[in-house]
Peer 1: 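The structure's right below; bear with me while I get my questions together.
Because the structure is a prediction, the values reported are computed rather than measured.
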Amino acid sequence: MSETALKAPRAAASRGDANRWKALVFIALAQLMVVLDATIVNIALPSAQQDLGISDGNRQWVVTAYALAFGGLLLFGGRIADLWGRKRAFVLGLAGFAAASALGGAATTGAMMFGARALQGVFGALLAPAALSLLAVMFTDAKERAKAFGIYGAIAGGGGAVGLILGGFLTEYLNWRWTFFVNIPFAIVAAAGAYFVIREPEGGRNRSPLDIPGVVLSTLGLVALVYGFTRAESDGWGDTVTVSMFVASAVLLIAFALVEAKVKAPLLPLRVVTDRNRGGIYLSLGLAIIGMFGLFLFLTYYLQIVKGYSPVKTGFAFLPMIAGMITGSTQIGTRLMTRVPARLLMGPGFLVAGLGMLLLTQLEVGSSYTTLLLPAMLLLGLGMGTAFMPAMSLATQGVEPRDAGVASAMVNTSQQVGGAIGTALLNTIASSATVSYVKDHMAGATSKPQQQLVGLQGLVHGYSTAIWFAVGILGLAALIAFTFVNAGSPGSTTVASGEGVEDEVPVPVVAH
(Lines give C-alpha, C1' and ligand atoms only; values in the text may rest on other atoms or scores of the structure.)
Protein backbone atom coordinates (compact mmCIF):
# COMPACT_ATOMS: atom_id res chain seq x y z
CA MET A 1 0.00 0.00 0.00
CA SER A 2 1.39 3.44 -0.95
CA GLU A 3 2.26 6.10 1.62
CA THR A 4 -0.47 8.35 0.18
CA ALA A 5 -3.06 5.61 0.65
CA LEU A 6 -1.95 5.13 4.24
CA LYS A 7 -2.19 8.84 5.03
CA ALA A 8 -5.63 9.34 3.50
CA PRO A 9 -7.74 7.52 6.09
CA ARG A 10 -5.82 9.19 8.92
CA ALA A 11 -6.41 12.65 7.50
CA ALA A 12 -10.08 11.85 7.01
CA ALA A 13 -10.37 10.59 10.55
CA SER A 14 -8.73 13.73 11.88
CA ARG A 15 -11.10 15.98 9.94
CA GLY A 16 -14.12 13.88 10.89
CA ASP A 17 -13.52 13.96 14.60
CA ALA A 18 -12.92 17.61 15.49
CA ASN A 19 -13.99 16.98 19.09
CA ARG A 20 -11.32 14.37 19.78
CA TRP A 21 -9.31 16.63 22.11
CA LYS A 22 -12.45 17.49 24.08
CA ALA A 23 -13.21 13.77 24.25
CA LEU A 24 -9.73 13.18 25.69
CA VAL A 25 -10.65 15.38 28.67
CA PHE A 26 -13.60 13.17 29.62
CA ILE A 27 -11.74 9.92 28.93
CA ALA A 28 -8.87 11.10 31.14
CA LEU A 29 -11.35 12.18 33.84
CA ALA A 30 -12.78 8.66 33.93
CA GLN A 31 -9.28 7.21 34.22
CA LEU A 32 -8.51 9.64 37.05
CA MET A 33 -11.63 8.43 38.89
CA VAL A 34 -10.54 4.79 38.67
CA VAL A 35 -6.99 5.56 39.87
CA LEU A 36 -8.29 7.79 42.67
CA ASP A 37 -10.61 5.02 43.85
CA ALA A 38 -7.79 2.49 44.16
CA THR A 39 -5.65 4.67 46.43
CA ILE A 40 -8.46 6.39 48.35
CA VAL A 41 -9.84 3.07 49.59
CA ASN A 42 -6.46 2.03 51.01
CA ILE A 43 -6.36 5.12 53.22
CA ALA A 44 -9.99 4.73 54.33
CA LEU A 45 -9.75 0.99 54.99
CA PRO A 46 -8.86 1.08 58.72
CA SER A 47 -11.79 3.43 59.49
CA ALA A 48 -14.22 1.42 57.36
CA GLN A 49 -13.08 -1.84 58.95
CA GLN A 50 -13.76 -0.54 62.46
CA ASP A 51 -17.10 1.04 61.55
CA LEU A 52 -18.45 -2.06 59.76
CA GLY A 53 -16.97 -4.63 62.14
CA ILE A 54 -14.86 -6.36 59.50
CA SER A 55 -12.38 -8.89 60.94
CA ASP A 56 -8.64 -8.71 60.25
CA GLY A 57 -8.88 -11.93 58.26
CA ASN A 58 -11.63 -10.53 56.01
CA ARG A 59 -10.42 -6.94 55.59
CA GLN A 60 -8.38 -7.90 52.53
CA TRP A 61 -11.63 -8.53 50.62
CA VAL A 62 -12.23 -4.78 50.43
CA VAL A 63 -9.19 -4.72 48.12
CA THR A 64 -9.33 -8.26 46.75
CA ALA A 65 -13.01 -8.22 45.70
CA TYR A 66 -12.33 -5.25 43.43
CA ALA A 67 -9.00 -6.50 42.10
CA LEU A 68 -10.31 -9.98 41.32
CA ALA A 69 -13.49 -8.79 39.58
CA PHE A 70 -11.53 -6.23 37.59
CA GLY A 71 -8.72 -8.59 36.63
CA GLY A 72 -10.95 -11.58 35.98
CA LEU A 73 -13.33 -9.70 33.69
CA LEU A 74 -10.98 -7.22 31.98
CA LEU A 75 -10.49 -9.34 28.85
CA PHE A 76 -14.24 -9.89 28.64
CA GLY A 77 -14.84 -6.16 29.14
CA GLY A 78 -12.59 -5.34 26.22
CA ARG A 79 -14.38 -7.89 24.06
CA ILE A 80 -17.78 -6.44 25.03
CA ALA A 81 -16.58 -2.94 24.13
CA ASP A 82 -15.54 -4.17 20.68
CA LEU A 83 -18.94 -5.82 20.21
CA TRP A 84 -21.31 -3.19 21.64
CA GLY A 85 -19.34 -0.13 20.64
CA ARG A 86 -16.70 1.57 22.77
CA LYS A 87 -18.67 4.73 23.50
CA ARG A 88 -21.67 2.75 24.74
CA ALA A 89 -19.47 0.52 26.89
CA PHE A 90 -17.65 3.56 28.27
CA VAL A 91 -20.81 5.38 29.34
CA LEU A 92 -22.36 2.19 30.78
CA GLY A 93 -19.14 1.46 32.67
CA LEU A 94 -19.18 4.95 34.20
CA ALA A 95 -22.84 4.68 35.23
CA GLY A 96 -22.31 1.27 36.82
CA PHE A 97 -19.15 2.39 38.60
CA ALA A 98 -21.00 5.38 40.07
CA ALA A 99 -23.90 3.19 41.26
CA ALA A 100 -21.49 0.69 42.85
CA SER A 101 -19.65 3.56 44.56
CA ALA A 102 -22.93 4.84 46.01
CA LEU A 103 -23.63 1.33 47.32
CA GLY A 104 -20.18 1.16 48.91
CA GLY A 105 -20.60 4.53 50.58
CA ALA A 106 -23.94 3.45 52.01
CA ALA A 107 -22.66 0.06 53.21
CA THR A 108 -23.86 -1.06 56.65
CA THR A 109 -22.17 -4.48 56.76
CA GLY A 110 -18.91 -6.01 55.60
CA ALA A 111 -20.73 -8.18 53.07
CA MET A 112 -22.42 -5.13 51.55
CA MET A 113 -19.03 -3.43 51.25
CA PHE A 114 -17.44 -6.48 49.61
CA GLY A 115 -20.33 -6.69 47.14
CA ALA A 116 -20.03 -3.00 46.25
CA ARG A 117 -16.30 -3.35 45.67
CA ALA A 118 -16.85 -6.39 43.42
CA LEU A 119 -19.42 -4.40 41.40
CA GLN A 120 -16.94 -1.55 41.05
CA GLY A 121 -14.49 -4.08 39.65
CA VAL A 122 -17.05 -5.44 37.19
CA PHE A 123 -17.88 -2.02 35.74
CA GLY A 124 -14.24 -0.94 35.92
CA ALA A 125 -13.42 -3.93 33.73
CA LEU A 126 -15.85 -2.56 31.14
CA LEU A 127 -14.73 1.05 31.53
CA ALA A 128 -10.93 0.69 31.34
CA PRO A 129 -10.54 -1.15 28.01
CA ALA A 130 -13.28 1.00 26.44
CA ALA A 131 -11.36 4.14 27.41
CA LEU A 132 -8.09 2.90 25.92
CA SER A 133 -9.87 1.63 22.79
CA LEU A 134 -11.52 5.03 22.27
CA LEU A 135 -8.15 6.76 22.37
CA ALA A 136 -6.75 4.25 19.90
CA VAL A 137 -9.53 4.70 17.33
CA MET A 138 -9.94 8.48 17.75
CA PHE A 139 -6.25 9.42 17.54
CA THR A 140 -4.89 7.76 14.40
CA ASP A 141 -2.13 10.24 13.57
CA ALA A 142 1.15 9.00 15.11
CA LYS A 143 2.17 12.30 16.71
CA GLU A 144 -1.33 13.07 17.99
CA ARG A 145 -1.70 9.54 19.35
CA ALA A 146 1.58 9.79 21.27
CA LYS A 147 0.55 13.16 22.72
CA ALA A 148 -2.92 11.90 23.70
CA PHE A 149 -1.62 8.77 25.39
CA GLY A 150 1.07 10.86 27.11
CA ILE A 151 -1.56 13.20 28.60
CA TYR A 152 -3.72 10.22 29.58
CA GLY A 153 -0.76 8.51 31.22
CA ALA A 154 0.37 11.62 33.11
CA ILE A 155 -3.10 12.17 34.56
CA ALA A 156 -3.33 8.53 35.58
CA GLY A 157 0.11 8.60 37.22
CA GLY A 158 -0.55 11.83 39.12
CA GLY A 159 -3.95 10.52 40.18
CA GLY A 160 -2.31 8.08 42.58
CA ALA A 161 -0.80 10.92 44.61
CA VAL A 162 -4.03 12.92 44.53
CA GLY A 163 -5.97 9.87 45.75
CA LEU A 164 -3.71 9.31 48.75
CA ILE A 165 -4.05 12.90 49.96
CA LEU A 166 -7.74 13.29 49.06
CA GLY A 167 -8.49 9.98 50.78
CA GLY A 168 -6.80 11.23 53.92
CA PHE A 169 -8.71 14.51 53.97
CA LEU A 170 -12.08 12.89 53.27
CA THR A 171 -11.56 10.19 55.91
CA GLU A 172 -10.31 12.56 58.60
CA TYR A 173 -12.53 15.60 58.09
CA LEU A 174 -15.72 14.08 56.69
CA ASN A 175 -16.15 10.29 56.80
CA TRP A 176 -14.68 7.24 55.08
CA ARG A 177 -17.96 6.93 53.17
CA TRP A 178 -17.07 10.03 51.16
CA THR A 179 -14.14 8.18 49.64
CA PHE A 180 -16.82 6.27 47.71
CA PHE A 181 -19.31 9.11 47.18
CA VAL A 182 -16.60 11.30 45.57
CA ASN A 183 -16.66 9.01 42.51
CA ILE A 184 -20.24 9.96 41.66
CA PRO A 185 -19.66 13.55 40.41
CA PHE A 186 -16.58 12.38 38.47
CA ALA A 187 -18.66 9.70 36.74
CA ILE A 188 -21.60 12.00 35.96
CA VAL A 189 -19.42 14.67 34.34
CA ALA A 190 -17.36 12.12 32.38
CA ALA A 191 -20.43 10.21 31.17
CA ALA A 192 -22.32 13.36 30.13
CA GLY A 193 -19.29 14.74 28.32
CA ALA A 194 -18.61 11.44 26.58
CA TYR A 195 -22.23 11.09 25.48
CA PHE A 196 -22.30 14.50 23.78
CA VAL A 197 -18.70 14.80 22.57
CA ILE A 198 -17.37 11.37 21.58
CA ARG A 199 -17.99 10.29 17.99
CA GLU A 200 -16.75 6.75 17.55
CA PRO A 201 -15.49 5.93 14.02
CA GLU A 202 -17.74 3.64 11.99
CA GLY A 203 -16.82 0.05 11.22
CA GLY A 204 -14.61 -0.58 14.23
CA ARG A 205 -16.65 -3.30 15.93
CA ASN A 206 -15.69 -6.95 16.26
CA ARG A 207 -18.74 -9.08 15.49
CA SER A 208 -17.18 -12.43 16.46
CA PRO A 209 -19.28 -14.52 18.88
CA LEU A 210 -18.56 -14.20 22.60
CA ASP A 211 -16.41 -16.83 24.27
CA ILE A 212 -18.75 -17.48 27.23
CA PRO A 213 -17.02 -20.74 28.33
CA GLY A 214 -13.71 -18.87 28.46
CA VAL A 215 -15.18 -16.12 30.64
CA VAL A 216 -16.76 -18.59 33.06
CA LEU A 217 -13.69 -20.83 33.36
CA SER A 218 -11.18 -17.98 33.80
CA THR A 219 -13.27 -16.11 36.36
CA LEU A 220 -14.10 -19.20 38.45
CA GLY A 221 -10.49 -20.36 38.30
CA LEU A 222 -9.16 -17.06 39.61
CA VAL A 223 -11.81 -16.80 42.32
CA ALA A 224 -10.94 -20.31 43.53
CA LEU A 225 -7.25 -19.42 43.58
CA VAL A 226 -7.64 -16.29 45.72
CA TYR A 227 -10.21 -17.91 48.01
CA GLY A 228 -7.73 -20.72 48.58
CA PHE A 229 -5.12 -18.23 49.83
CA THR A 230 -7.71 -16.48 52.00
CA ARG A 231 -9.03 -19.73 53.48
CA ALA A 232 -5.47 -20.80 54.36
CA GLU A 233 -5.24 -17.87 56.79
CA SER A 234 -8.11 -18.95 59.00
CA ASP A 235 -8.10 -22.73 58.54
CA GLY A 236 -4.50 -23.58 57.63
CA TRP A 237 -2.76 -24.70 54.45
CA GLY A 238 -3.65 -28.34 55.01
CA ASP A 239 -7.40 -27.69 55.41
CA THR A 240 -9.54 -29.81 53.07
CA VAL A 241 -11.40 -26.82 51.62
CA THR A 242 -8.16 -24.88 51.13
CA VAL A 243 -6.55 -27.73 49.20
CA SER A 244 -9.77 -28.27 47.24
CA MET A 245 -9.77 -24.62 46.15
CA PHE A 246 -6.23 -24.84 44.82
CA VAL A 247 -7.00 -28.08 42.98
CA ALA A 248 -10.22 -26.63 41.53
CA SER A 249 -8.34 -23.52 40.42
CA ALA A 250 -5.70 -25.56 38.61
CA VAL A 251 -8.35 -27.69 36.86
CA LEU A 252 -10.42 -24.65 35.81
CA LEU A 253 -7.45 -22.67 34.48
CA ILE A 254 -6.11 -25.69 32.56
CA ALA A 255 -9.59 -26.19 31.09
CA PHE A 256 -9.61 -22.47 30.16
CA ALA A 257 -6.32 -22.89 28.26
CA LEU A 258 -7.67 -25.95 26.42
CA VAL A 259 -10.89 -24.14 25.47
CA GLU A 260 -8.98 -21.09 24.22
CA ALA A 261 -6.89 -23.34 21.98
CA LYS A 262 -9.99 -24.74 20.25
CA VAL A 263 -12.65 -22.02 19.97
CA LYS A 264 -12.80 -19.83 16.85
CA ALA A 265 -13.03 -16.50 18.74
CA PRO A 266 -11.17 -17.05 22.04
CA LEU A 267 -11.37 -14.59 24.91
CA LEU A 268 -7.56 -14.82 25.14
CA PRO A 269 -5.81 -16.05 21.97
CA LEU A 270 -2.93 -18.21 23.22
CA ARG A 271 -0.56 -16.69 20.66
CA VAL A 272 -0.63 -13.51 22.76
CA VAL A 273 0.77 -15.12 25.92
CA THR A 274 2.99 -17.82 24.37
CA ASP A 275 5.29 -15.22 22.81
CA ARG A 276 8.52 -15.34 24.84
CA ASN A 277 8.78 -11.61 25.48
CA ARG A 278 5.12 -10.95 26.23
CA GLY A 279 4.88 -14.04 28.43
CA GLY A 280 7.94 -12.92 30.37
CA ILE A 281 6.52 -9.41 30.80
CA TYR A 282 3.10 -10.60 31.99
CA LEU A 283 4.69 -13.02 34.46
CA SER A 284 7.29 -10.61 35.85
CA LEU A 285 4.77 -7.75 36.18
CA GLY A 286 2.27 -10.02 37.93
CA LEU A 287 4.93 -11.17 40.41
CA ALA A 288 6.09 -7.60 41.08
CA ILE A 289 2.52 -6.50 41.80
CA ILE A 290 2.06 -9.43 44.21
CA GLY A 291 4.79 -7.87 46.35
CA MET A 292 3.58 -4.28 45.94
CA PHE A 293 -0.11 -4.77 46.78
CA GLY A 294 0.56 -6.51 50.08
CA LEU A 295 3.06 -3.82 50.99
CA PHE A 296 0.54 -0.99 50.50
CA LEU A 297 -1.84 -2.73 52.89
CA PHE A 298 0.84 -3.34 55.54
CA LEU A 299 2.28 0.17 55.43
CA THR A 300 -1.16 1.74 55.71
CA TYR A 301 -1.87 -0.24 58.88
CA TYR A 302 1.65 0.24 60.25
CA LEU A 303 1.48 4.02 59.91
CA GLN A 304 -2.06 4.39 61.29
CA ILE A 305 -2.22 1.66 63.97
CA VAL A 306 1.39 1.27 65.11
CA LYS A 307 2.70 4.81 64.54
CA GLY A 308 -0.61 6.57 65.21
CA TYR A 309 -0.60 8.64 61.99
CA SER A 310 -3.82 10.38 60.98
CA PRO A 311 -5.32 9.43 57.58
CA VAL A 312 -4.09 12.73 56.09
CA LYS A 313 -0.56 12.24 57.42
CA THR A 314 -0.60 8.67 56.09
CA GLY A 315 -1.52 9.96 52.65
CA PHE A 316 1.36 12.42 52.61
CA ALA A 317 3.71 9.71 53.94
CA PHE A 318 3.17 7.71 50.73
CA LEU A 319 4.09 10.61 48.44
CA PRO A 320 7.82 9.72 48.17
CA MET A 321 6.84 6.35 46.67
CA ILE A 322 4.54 8.01 44.11
CA ALA A 323 7.23 10.62 43.32
CA GLY A 324 9.75 7.82 42.86
CA MET A 325 7.42 5.97 40.47
CA ILE A 326 6.80 9.08 38.36
CA THR A 327 10.54 9.90 38.28
CA GLY A 328 11.54 6.34 37.44
CA SER A 329 8.96 6.18 34.67
CA THR A 330 9.32 9.60 33.03
CA GLN A 331 12.96 10.45 33.71
CA ILE A 332 14.68 7.05 33.65
CA GLY A 333 12.47 4.50 31.88
CA THR A 334 11.24 6.80 29.09
CA ARG A 335 14.68 8.32 28.41
CA LEU A 336 16.56 5.00 28.29
CA MET A 337 14.02 2.62 26.77
CA THR A 338 14.95 3.64 23.20
CA ARG A 339 18.66 3.11 23.93
CA VAL A 340 18.97 -0.14 25.89
CA PRO A 341 17.16 -3.51 25.77
CA ALA A 342 14.07 -3.78 27.97
CA ARG A 343 15.56 -6.49 30.20
CA LEU A 344 18.37 -4.12 31.22
CA LEU A 345 15.77 -1.72 32.60
CA MET A 346 13.24 -4.22 33.92
CA GLY A 347 15.68 -6.54 35.72
CA PRO A 348 17.65 -3.80 37.53
CA GLY A 349 14.39 -1.94 38.21
CA PHE A 350 12.91 -4.90 40.05
CA LEU A 351 16.19 -5.37 41.94
CA VAL A 352 16.21 -1.72 43.09
CA ALA A 353 12.59 -2.13 44.23
CA GLY A 354 13.64 -5.33 46.01
CA LEU A 355 16.39 -3.38 47.79
CA GLY A 356 13.77 -0.94 49.05
CA MET A 357 11.65 -3.87 50.20
CA LEU A 358 14.70 -5.39 51.92
CA LEU A 359 15.09 -2.22 54.01
CA LEU A 360 11.50 -2.64 55.22
CA THR A 361 12.26 -6.09 56.65
CA GLN A 362 14.03 -4.14 59.44
CA LEU A 363 10.71 -2.58 60.47
CA GLU A 364 10.18 -2.22 64.23
CA VAL A 365 7.58 -0.53 66.42
CA GLY A 366 9.84 2.49 66.92
CA SER A 367 11.31 2.69 63.40
CA SER A 368 12.00 6.20 62.08
CA TYR A 369 10.09 7.41 59.03
CA THR A 370 13.03 9.55 57.86
CA THR A 371 15.81 6.98 58.18
CA LEU A 372 13.95 3.80 57.17
CA LEU A 373 10.56 4.30 55.51
CA LEU A 374 11.50 7.31 53.36
CA PRO A 375 14.54 5.76 51.60
CA ALA A 376 12.72 2.42 51.26
CA MET A 377 9.73 4.09 49.57
CA LEU A 378 11.96 6.10 47.23
CA LEU A 379 13.84 2.97 46.13
CA LEU A 380 10.59 1.06 45.64
CA GLY A 381 9.09 3.84 43.53
CA LEU A 382 12.20 4.41 41.42
CA GLY A 383 12.65 0.71 40.77
CA MET A 384 9.04 0.01 39.86
CA GLY A 385 8.73 3.12 37.67
CA THR A 386 11.92 2.27 35.78
CA ALA A 387 10.83 -1.34 35.18
CA PHE A 388 7.20 -0.66 34.30
CA MET A 389 7.64 1.87 31.49
CA PRO A 390 9.62 -0.36 29.06
CA ALA A 391 7.48 -3.35 30.09
CA MET A 392 4.27 -1.55 29.16
CA SER A 393 5.69 -0.46 25.81
CA LEU A 394 7.09 -3.88 24.90
CA ALA A 395 3.93 -5.74 25.95
CA THR A 396 2.17 -4.91 22.66
CA GLN A 397 5.18 -4.58 20.36
CA GLY A 398 4.92 -6.74 17.25
CA VAL A 399 1.45 -8.01 18.12
CA GLU A 400 -1.09 -8.51 15.32
CA PRO A 401 -3.61 -5.62 14.99
CA ARG A 402 -6.50 -7.94 15.89
CA ASP A 403 -4.71 -8.83 19.14
CA ALA A 404 -3.55 -5.33 20.18
CA GLY A 405 -6.50 -4.79 22.51
CA VAL A 406 -6.28 -8.15 24.23
CA ALA A 407 -2.49 -7.78 24.61
CA SER A 408 -2.98 -4.43 26.37
CA ALA A 409 -5.75 -5.88 28.51
CA MET A 410 -3.47 -8.75 29.54
CA VAL A 411 -1.04 -6.24 31.06
CA ASN A 412 -3.78 -4.91 33.34
CA THR A 413 -5.11 -8.42 33.98
CA SER A 414 -1.73 -9.72 35.13
CA GLN A 415 -1.41 -6.76 37.48
CA GLN A 416 -4.92 -7.01 38.92
CA VAL A 417 -4.70 -10.76 39.45
CA GLY A 418 -1.24 -10.31 40.93
CA GLY A 419 -2.69 -7.71 43.29
CA ALA A 420 -5.48 -10.03 44.39
CA ILE A 421 -3.11 -12.94 45.00
CA GLY A 422 -0.54 -10.69 46.68
CA THR A 423 -3.01 -9.19 49.10
CA ALA A 424 -4.38 -12.61 50.06
CA LEU A 425 -1.04 -14.44 50.20
CA LEU A 426 0.97 -11.81 52.11
CA ASN A 427 -1.93 -11.05 54.47
CA THR A 428 -2.12 -14.78 55.26
CA ILE A 429 1.62 -14.95 55.98
CA ALA A 430 1.55 -11.78 58.11
CA SER A 431 -1.48 -12.85 60.17
CA SER A 432 -0.01 -16.31 60.84
CA ALA A 433 3.33 -14.82 61.95
CA THR A 434 1.57 -12.31 64.22
CA VAL A 435 -0.51 -15.00 65.94
CA SER A 436 2.58 -17.14 66.47
CA TYR A 437 4.60 -14.22 67.88
CA VAL A 438 1.89 -13.10 70.32
CA LYS A 439 1.36 -16.69 71.49
CA ASP A 440 5.07 -17.07 72.24
CA HIS A 441 5.58 -13.70 73.99
CA MET A 442 2.31 -12.86 75.72
CA ALA A 443 3.06 -15.07 78.76
CA GLY A 444 5.87 -12.76 79.80
CA ALA A 445 3.69 -9.62 79.62
CA THR A 446 2.17 -9.09 83.07
CA SER A 447 0.77 -5.56 82.77
CA LYS A 448 -1.66 -4.11 80.26
CA PRO A 449 0.92 -1.73 78.69
CA GLN A 450 3.27 -4.70 78.21
CA GLN A 451 0.50 -6.72 76.61
CA GLN A 452 -0.32 -3.83 74.27
CA LEU A 453 3.36 -3.58 73.34
CA VAL A 454 3.53 -7.31 72.60
CA GLY A 455 0.45 -6.92 70.41
CA LEU A 456 2.09 -4.12 68.40
CA GLN A 457 5.36 -6.03 68.18
CA GLY A 458 3.40 -9.04 66.92
CA LEU A 459 1.82 -6.92 64.16
CA VAL A 460 5.17 -5.54 63.04
CA HIS A 461 6.76 -9.00 63.17
CA GLY A 462 3.97 -10.25 60.90
CA TYR A 463 4.53 -7.39 58.46
CA SER A 464 8.31 -7.89 58.30
CA THR A 465 7.91 -11.66 57.84
CA ALA A 466 5.57 -11.13 54.87
CA ILE A 467 7.90 -8.48 53.42
CA TRP A 468 10.74 -11.05 53.34
CA PHE A 469 8.55 -13.13 51.02
CA ALA A 470 7.91 -10.02 48.91
CA VAL A 471 11.69 -9.51 48.57
CA GLY A 472 12.01 -13.04 47.19
CA ILE A 473 9.10 -12.49 44.80
CA LEU A 474 10.72 -9.33 43.38
CA GLY A 475 13.99 -11.20 42.98
CA LEU A 476 12.14 -13.85 40.96
CA ALA A 477 10.51 -11.11 38.83
CA ALA A 478 13.99 -9.73 38.06
CA LEU A 479 15.28 -13.20 37.14
CA ILE A 480 12.36 -13.76 34.75
CA ALA A 481 12.91 -10.35 33.14
CA PHE A 482 16.62 -11.08 32.60
CA THR A 483 16.05 -14.58 31.15
CA PHE A 484 12.75 -14.40 29.23
CA VAL A 485 12.74 -10.88 27.79
CA ASN A 486 15.25 -10.83 24.93
CA ALA A 487 13.80 -8.17 22.62
CA GLY A 488 15.64 -5.00 21.76
CA SER A 489 14.79 -1.54 23.03
CA PRO A 490 10.99 -0.98 22.94
CA GLY A 491 11.23 2.51 21.52
CA SER A 492 8.12 2.01 19.45
CA THR A 493 5.04 -0.05 20.14
CA THR A 494 2.82 -1.51 17.46
CA VAL A 495 -0.77 -0.48 17.94
CA ALA A 496 -3.76 -0.84 15.70
CA SER A 497 -5.41 2.30 14.44
CA GLY A 498 -9.10 2.69 13.86
CA GLU A 499 -8.66 2.00 10.16
CA GLY A 500 -6.69 -1.21 10.64
CA VAL A 501 -3.38 0.54 9.87
CA GLU A 502 -0.48 -0.03 12.22
CA ASP A 503 1.46 2.93 13.61
CA GLU A 504 4.82 2.72 15.35
CA VAL A 505 4.42 5.02 18.36
CA PRO A 506 5.43 4.92 22.00
CA VAL A 507 2.24 4.28 23.97
CA PRO A 508 2.36 4.33 27.77
CA VAL A 509 -0.19 1.87 29.15
CA VAL A 510 -1.12 2.78 32.70
CA ALA A 511 -1.90 0.18 35.34
CA HIS A 512 -4.98 0.59 37.48
Peer 1: Does some side-chain heavy atom of V306 sit less than 4.5 Å from a side-chain heavy atom of Y301?
Peer 2: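 The answer is no; the side chains never approach within 4.5 Å.
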
Peer 1: Hey, can you pull the donor-acceptor pairs under 3.5 Å for the side chains in residues 239-255, sequence neighbours left out?
Peer 2:
unit_1 : atom_1 : unit_2 : atom_2 : d
D239   : OD2    : R231   : NE     : 3.1
D239   : OD2    : V241   : N      : 3.1
D239   : OD2    : T242   : N      : 3.2
D239   : OD2    : T242   : OG1    : 3.4
T242   : OG1    : G236   : O      : 3.3
S244   : OG     : T240   : O      : 2.7
S249   : OG     : G221   : O      : 2.9

Peer 1: Do the non-hydrogen side-chain atoms of M377 and L360 ever get within less than 4.5 Å of each other?
Peer 2: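 Result no, sub-4.5 Å side-chain heavy-atom pair not found.
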
Peer 1: With heavy-atom distances below 4.5 Å as the criterion, would you say the side chains of M33 and L29 are in contact?
Peer 2: no

Peer 1: If you compare all heavy atoms of A478 against all heavy atoms of G347, which two are closest, and at what distance to 0.1 Å?
Peer 2: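 Distance-wise, the nearest heavy atoms are CB-O, 3.6 Å.
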
Peer 1: From H461 NE2 over to D440 CG, what is the distance, rounded to the nearest 0.5 angstrom?
Peer 2: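 Between H461 NE2 and D440 CG, I get 8.5 Å after rounding to 0.5 Å.
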
Peer 1: Give a yes or no answer on whether the side chain of Y369 reaches the backbone of L374 with a donor-acceptor pair at less than 3.5 Å.
Peer 2: no

Peer 1: Taking T386 for its side chain and L382 for its backbone only, find out whether a donor-acceptor pair lies under 3.5 Å.
Peer 2: yes

Peer 1: Given 3.5 Å as the limit, does a donor-acceptor pair link the side chain of S464 with the main chain of L363, or not?
Peer 2: no

Peer 1: Working to the nearest 0.5 angstrom, can you tell me the gap between Q304 CD and T314 OG1?
Peer 2: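 Interatomic distance, Q304 CD to T314 OG1, rounded to 0.5 Å: 4.0 Å.
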
Peer 1: Flag the pair L373 / L303 as yes when at least one side-chain heavy-atom distance between them is below 4.5 Å, and no otherwise.
Peer 2: yes

Peer 1: Taking the ring of F97 and the ring of F123, is the distance between their centroids below 6.0 Å?
Peer 2: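 No.
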
Peer 1: Using modelled atom types and a 3.5 Å cut-off, is there a donor and acceptor pairing between side-chain atoms of N58 and backbone atoms of G110?
Peer 2: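 Checked: no pair found.
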
Peer 1: Check whether any side-chain heavy atom of L52 lies under 4.5 Å from a side-chain heavy atom of T109, and answer yes or no.
Peer 2: no

Peer 1: Any non-hydrogen side-chain atom of P348 less than 4.5 Å from a side-chain atom of F482?
Peer 2: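 SC-SC contact between P348 and F482 confirmed.
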
Peer 1: Rounded to the nearest 0.5 Å, how far does CG of L358 lie from CG of L351?
Peer 2: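 CG of L358 is found 11.5 Å from CG of L351.
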
Peer 1: From I467 CD1 over to M357 CE, what is the distance, rounded to the nearest 0.5 angstrom?
Peer 2: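 One gets 7.0 Å once the value is rounded to the nearest 0.5 Å.
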
Peer 1: For the residue pair S101 / Q120, report whether a side-chain donor-acceptor contact shorter than 3.5 Å exists.
Peer 2: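 On atom types as modelled, these side chains qualify, holding a pair under 3.5 Å.
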
Peer 1: What distance do I473 atom CD1 and F350 atom CZ have between them, rounded to the nearest 0.5 Å?
Peer 2: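 So the gap between those two atoms works out to 12.5 Å.
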
Peer 1: Does any N or O in the side chain of K307 come within less than 3.5 Å of the main-chain N or O of S367, such that one atom is a donor and the other an acceptor?
Peer 2: yes

Peer 1: Would you say L380 and M292 make side-chain contact, with heavy atoms under 4.5 Å?
Peer 2: yes

Peer 1: Taking atom CD1 of I429 and atom CG of L425, what is their separation to the nearest 0.5 Å?
Peer 2: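 These two atoms lie 4.0 Å from each other.
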
Peer 1: Tell me if the CZ atom of F484 is crowded by more than 12 foreign heavy atoms within 6.0 Å.
Peer 2: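 At most 12 heavy atoms, drawn from other residues, nucleotides or ligands, come within 6.0 Å of this atom.
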
Peer 1: If every non-hydrogen atom of W176 is compared with every non-hydrogen atom of G104, which pair is closest and at what distance?
Peer 2: CZ3-O, 3.9 Å

Peer 1: With no hydrogens and no angle check, is any side-chain donor or acceptor of R117 less than 3.5 Å from a backbone partner on V62?
Peer 2: yes

Peer 1: Among all residues two or more places apart in sequence or in another chain, which pass the side chain to side chain donor-acceptor pair (under 3.5 Å) test with S447?
Peer 2: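 Result, side chain to side chain donor-acceptor pair (under 3.5 Å) vs S447: Q450.
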
Peer 1: Compare every heavy atom of R276 with every heavy atom of T483, then report the nearest pair and how far apart it is.
Peer 2: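 Nearest pair, atom of T483 first, then R276: O-NH2, 2.7 Å.
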
Peer 1: Look only at the side chain of H441 and the backbone of Y437, and say whether a donor-acceptor pair between them is shorter than 3.5 Å.
Peer 2: yes

Peer 1: Any side-chain to backbone donor/acceptor pair from D275 onto R278? Under 3.5 Å, distance only.
Peer 2: yes

Peer 1: Decide if the gap between the ring center of Y302 and the ring center of F298 is smaller than 6.0 angstrom.
Peer 2: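 No, too far apart.
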
Peer 1: Looking at every non-hydrogen atom in both residues, tell me the closest pair between I480 and L287 and how far apart they are.
Peer 2: CD1-CD1, 3.4 Å

Peer 1: Can a donor-acceptor pair be found, under 3.5 Å and without considering hydrogens, that links the side chain of Q49 to the backbone of I54?
Peer 2: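 Side chain of Q49 to backbone of I54, a donor-acceptor pair under 3.5 Å: yes, one is there.
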
Peer 1: Kindly say whether T300 contributes a backbone atom to a donor-acceptor pair with the side chain of Y309 at under 3.5 angstrom?
Peer 2: no

Peer 1: Could you walk me through whether R177 and L170 pass side-chain contact (heavy atoms from CB on, under 4.5 Å), step by step?
Peer 2: CA-CA 8 Å; R177 297 181 185 278; L170 290 173; over 6 Å; no

Peer 1: Start with the C-alpha distance between M384 and V352, add both sets of side-chain angles, then the distance that settles side-chain contact (heavy atoms from CB on, under 4.5 Å), and finish with yes or no.
Peer 2: CA-CA 8 Å; M384 286 297 189; V352 169; over 6 Å; no

Peer 1: Mind listing the closest non-hydrogen atom pair of L379 and G356 along with its distance?
Peer 2: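 Looking at all heavy atoms of both residues, the closest pair is CB-CA, 3.8 Å.
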
Peer 1: Can you name the nearest heavy-atom pair linking E260 to L268, along with the distance?
Peer 2: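 Heavy-atom minimum between the residues: OE1-N, 2.7 Å.
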
Peer 1: So do E364 and L456 actually touch side chain to side chain, heavy atoms under 4.5 Å?
Peer 2: no

